[in-house]
Amino acid sequence: MNLPKIPLGSWIETAEDWLTANFAPLFNFIKFIIGQIVGGFEMVLRGTPTLLLIAILVALTWYIAKWRMGVFALIGLLLIDNLGYWDHAMQTLALVLTAAVLSVVIGVPVGILCARKNTVQNIITPVLDFMQTMPAFVYLLPAISFFSLGVVPGVIASVIFAIPPTIRLTNLGIRQVPDELVEAADAFGSTPGQKLFKLQLPIAMPTIMAGINQTIMLSLSMVVIASMIGAQGVGADVFRAVTQTKTGVGFEAGLAIVIMAILLDRISQNVIKRKKK
Amino acid sequence: MPIVEVKQLIKVFGSDPKRALPLLKEGWTKEKIHKETKLTVGVNQASFSIEEGQIFVIMGLSGSGKSTLVRLLNRLIEPTSGQVLFNGTDVLKMNAEQLRKFRRKNMGMVFQKFALFPHRTVLQNAEYGLEVQGIEKTKRREMAMESLELVGLKGWENSYPDQLSGGMQQRVGLARGLANDPDVLLMDEAFSALDPLIRKDMQDELLELQSKMKKTIVFITHDLDEALRIGDQIALMKDGSIVQIGSPEEILMQPANKYVERFVEDVDLSKVLTASHVMRKPETITAERGPRVALQLMRERGVSSLYVVDKGMKLIGVITAEDASNAIKEGLQLESIIQRELPSVAPDTLLNELFELMGSIKLPVAVVDSAGRLKGIVIKGAVLAALAGNADLGAGEQA
């Protein structure tokens, strides 16, 4: 039996063209908003004198995590500066923070919806599977045609790749709140909103924070891919080093990413632990 | 008017549960319905009414539907059919907003596993019901503190639940339930998770609270001793149906069927029945009468002693036939032969306490209320008969 091939590819392209043609104002708006957020972060991170910013970050790490992490932050950040990647690292950090903020702002409410309605969960779950497993390069292409080259499609790609843990763990965290507590909240006449803010979110918070932590780490892992479509930063340094087979440069830039990753991880992990004390 | 009235309340679990309704009306059993339709009957045509200020105990073994039944009252579980009337208003007809208001103001709840909010302090737990009503902070703190004081948790308000023992945690649960001052308090196996000794303390405290606050309490338990100890009325459940409703004595003395009988046969009656259950009417005389009248009375009634009381039935003492006839011979007044030292107990004295007293004396024991009035007398035979489960003796002659 010889069935004709389903023209899935050309359907997708038609859809892409149609969206580009008809939703340009929306895409421009999104581009503008994301551009503003990245710009804001960059202004703060790159505008502050390097040594002052390092001092602030070390103090922050010290305060939130343990003193040992503070020492690590001091050495690590000075090393990044010494190797000459400070400015690029801050560009990367701006991109990662933007992606993380957007992921939380979108992901937590979506996670809450999933926890409330099984229908939403059943629809969202395969979408999340798709987002996490579809190779990032594939959706970089439509991202370029919608948002053109630069940092914005990089942020979009990072959000798509990094948002699933926040959604999944918000959903999980709320669903894991013991039934008897939900029942108690109901028995005292809580509105759904009161139940959410006074009971479910506070109890789910450690789980949600674990999701946010994962989201930050995943968006950091996207910086090299984002650099292929024009996002600046240490990711671009790594990408250039790879294309020019410069092992030393690639290693230096990669090390800068690792240092940032460890700091972001420990800080976001410890925020919730501190709060509990 | 009863504060809560439940009429033909039914809960069936499963898809399209309404199809079980006609079958239940026809008298199908839970088992048969499950076999034929795969539906599970939770509560089968329960009807009862609860008077204000009563402790109404719903008792049954696990799976009997008692926890489901109590949740139907405040619609934590939605009933399949029937009526729950609270002061005449049908709770099942309330919309979401009315139901919330009803739960906030009229019906509090205490849970088996405490269900305290782990991220809130003891005080924040106690004030939860007030907080969701939107009562402002200083006011609700004050009310929650009062409630915590009531259950003896003053000084613990800033602790977290996991820092407290089980008994104390359930006190927090109780304080949370009482803080909004609801008309009815639902207690779902509230003491079942506690150690036996602590459980007994909590029962005592509940009774004490109850005597102070006159709350209407619906108390769920699987423990018959607990039910008999605290219940004014007991509803016994089996397979989702109420098998018998009655006072503790009625359940014990007149079990409605074999099931109840088997249930209560192991109960230690001496720890449940009190002097007022077994006492009989005393033969009395006032002190102004003469010894001749007394002797005559004793002869008529066929007794060997008479209790001397004043006009308000206040107990003065006892006279025996022997003393009376001596008095007639010697020309003495009745006044001078009264034995004023005589054994007496309060009406709520348990039979096991009565036992010890009765072993050492010859005379019947007088039952005297707190104002000193004679309510009845207890003779040895009546106690033994009651313990043997003979309902006719004593119980029929309650004062």
Side-chain angles (χ1 to χ4, degrees), chain A residues 64 104 108 111-113 115-122 166 169-213 268-277, chain B residues 67 70-71 73-78 94 96-121 124-135 140 144 160-162 172-173 175-180 182 184-190 193:
Chain A
I64 291 176
V104 171
V108 171
I112 291 170
L113 281 177
R116 293 209 152 179
K117 295 256 184 262
N118 283 331
T119 332
V120 178
Q121 183 187 238
N122 294 341
T166 293
L169 287 169
T170 301
N171 178 24
L172 180 72
I174 292 177
R175 282 176 186 266
Q176 277 178 339
V177 175
D179 288 343
E180 62 210 49
L181 297 185
V182 177
E183 193 179 46
D186 280 332
F188 286 99
S190 316
T191 61
Q194 287 171 331
K195 204 161 62 183
L196 183 67
F197 287 107
K198 291 182 194 295
L199 177 71
Q200 291 168 318
L201 283 182
I203 290 184
M205 200 44 87
T207 312
I208 296 175
M209 281 310 295
I212 293 175
N213 170 267
S268 58
Q269 261 186 30
N270 281 293
V271 165
I272 196 71
K273 283 187 199 152
R274 260 197 73 81
K275 227 176 143 188
K276 247 204 131 179
K277 271 180 212 163
Chain B
S67 284
V70 77
R71 281 169 175 72
L73 300 183
N74 62 356
R75 280 173 64 188
L76 283 179
I77 297 176
E78 206 59 55
M94 291 178 177
E97 184 57 44
Q98 288 166 323
L99 180 64
R100 253 197 304 277
K101 210 175 150 211
F102 170 72
R103 286 171 175 173
R104 286 173 180 178
K105 306 255 180 192
N106 306 119
M107 222 173 239
M109 195 159 180
V110 182
F111 296 86
Q112 176 174 13
K113 289 176 193 148
F114 322 139
L116 299 178
F117 303 134
H119 60 294
R120 294 176 146 242
T121 63
Q124 287 168 338
N125 265 286
E127 72 178 356
Y128 184 83
L130 302 163
E131 189 180 320
V132 294
Q133 289 181 36
I135 291 173
R140 69 175 193 242
Y160 281 88
D162 61 3
V172 181
R176 183 176 62 178
L178 289 171
N180 354 357
V184 179
L185 190 63
L186 307 177
M187 300 184 73
D188 179 26
E189 301 237 21

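Numbered from 1 within each chain, the chains take letters A, B, ... in sequence-line order.
Enclosure of atom CG in A:Asn122 by more than 12 non-hydrogen atoms of other residues, nucleotides or ligands within 6.0 angstrom is indicated. Atom NZ of A:Lys195 has more than 12 neighbouring heavy atoms from other residues, nucleotides or ligands inside a 6.0 Å radius.
For B:Arg120, the part sitting under 4.5 Å from any heavy atom of chain A is the side chain, from C-beta outward, and nothing else. Only the backbone of B:Leu116 has a heavy atom closer than 4.5 Å to any heavy atom of chain A.
The distance from atom CD of A:Glu183 to atom CG of B:Asn74, rounded to the nearest 0.5 Å, is 8.0 Å. Rounding to the nearest 0.5 angstrom, the gap separating the CZ atom in B:Arg104 from the OG atom in A:Ser190 is 7.0 Å.
Residues A:Glu180 and B:Phe111 have side chains not in contact (no heavy-atom distance under 4.5 Å, counting atoms from C-beta outward).
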Could you walk me through whether B:His119 and A:Met205 satisfy the side chain to side chain contact (heavy atoms under 4.5 Å, CB included) test, starting with their C-alpha distance in whole Å, then the side-chain angles of each, then the deciding distance to 0.1 Å, before giving a yes or no? CA-CA 11 Å; B:His119 60 294; A:Met205 200 44 87; over 6 Å; no
Between A:Phe188 and B:Arg176, is a side chain to side chain contact (heavy atoms under 4.5 Å, CB included) present by the stated rule, with each step listed? CA-CA 9 Å; A:Phe188 286 99; B:Arg176 183 176 62 178; 3.4 Å; yes
Going through the distances and angles, do B:Glu131 and A:Gln194 end up as a side chain to side chain contact (heavy atoms under 4.5 Å, CB included)? CA-CA 10 Å; B:Glu131 189 180 320; A:Gln194 287 171 331; over 6 Å; no
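Closest approach of A:Leu181 to B:Pro118, counting heavy atoms only: CD1-CD, 3.7 Å.
The closest donor-acceptor contact from the side chain of B:Arg103 to the backbone of A:Asp186 lies under 3.5 Å.
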